[in-house]
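By convention here, the first residue in the shown sequence is residue 1.
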Amino acid sequence: MHKREFKKVYSYIWIDFFYAMKLLNDWKLIILLCLTLGLAPFFPEPHILGKVRWIVGGAIGMTIKDWFDVVFHGFPFTLLIRLVLLKLKKQDSESIPE
């Protein structure tokens with residue numbers, strides 16, 4: 001790979017990274033992810049709630065697949081908590097007089 005081609009590929013990676021970071025701070029997208037991916041399947045109960053109950057009950061009999069499921073369905077809620085904490089931190093720093 002020539003140096004010019006490497007710079008071009010490298011710049012595309014950085015553009016994609018910054019675009020992804022912009023999406024991670026989008027409230028509408030994160031709430032949509034929580035309501036769809038985070039709670040799916042919806043019936044008879046949201047999947048993540050069943051997994052959390054299982055973990056609170058001792059996680060007896062959970063397999064790797066079940067733990068992956070917790071991470072997969074819980075990730076949107078982790079992003080939402082992150083956004084809330086960043087918003088609170090920003091408000092706190094703005095309210096402190098210099």
How far apart are the C-alpha atoms of Asn25 and Arg82, what are their side-chain angles, what is the distance that settles it, and do they pass the side-chain contact (heavy atoms from CB on, under 4.5 Å) test?
-> CA-CA 9 Å; Asn25 292 323; Arg82 176 189 159 270; 3.1 Å; yes
Non-hydrogen side-chain atoms of [X] and [Y] separated by less than 4.5 Å:
X: Leu39; Y: His47; value: no
X: Leu32; Y: Trp27; value: no
X: Pro46; Y: Leu49; value: yes

Calculate, to the nearest 0.5 Å, the distance between atoms OG1 and CD1 belonging to Thr78 and Ile30 respectively.
-> 10.5 Å
Reported CG-to-CG distance for the pair Leu33 and Asp26, which is rounded to 0.5 angstrom =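 Spacing of CG (Leu33) from CG (Asp26) equals 9.5 Å.
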Results of salt bridge (charged side-chain N to carboxylate O under 4.0 Å, His left out) for Asp66 - residues two or more places apart only =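 Salt bridge (charged side-chain N to carboxylate O under 4.0 Å, His left out) list for Asp66, sorted by chain: Lys51.
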With ILVMFWY side chains joined below 4.5 Å, transitively, what does Phe68's cluster contain besides itself?
-> Leu37, Phe72
Quick check: does any side chain N or O of Trp54 sit under 3.5 Å from a backbone N or O of Ile60, one acting as donor and the other as acceptor?
->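 A pair under 3.5 Å: yes.
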Which heavy atom of [X] sits nearest a heavy atom of [Y], and at what distance?
X: Cys34; Y: Pro76; result: SG-O, 3.3 Å
X: Ala59; Y: Trp67; result: CB-CZ2, 3.9 Å
X: Phe77; Y: Ile48; result: CE1-CG2, 4.2 Å

If Ile, Leu, Val, Met, Phe, Trp and Tyr residues are connected whenever their side-chain heavy atoms lie under 4.5 Å apart, and connections chain through other members, are [X] and [Y] in the same group?
X: Phe43; Y: Val52; value: yes
X: Leu80; Y: Leu35; value: yes
X: Phe75; Y: Leu83; value: yes

Leu85, CG: over 12 other non-hydrogen atoms inside 6.0 angstrom = yes
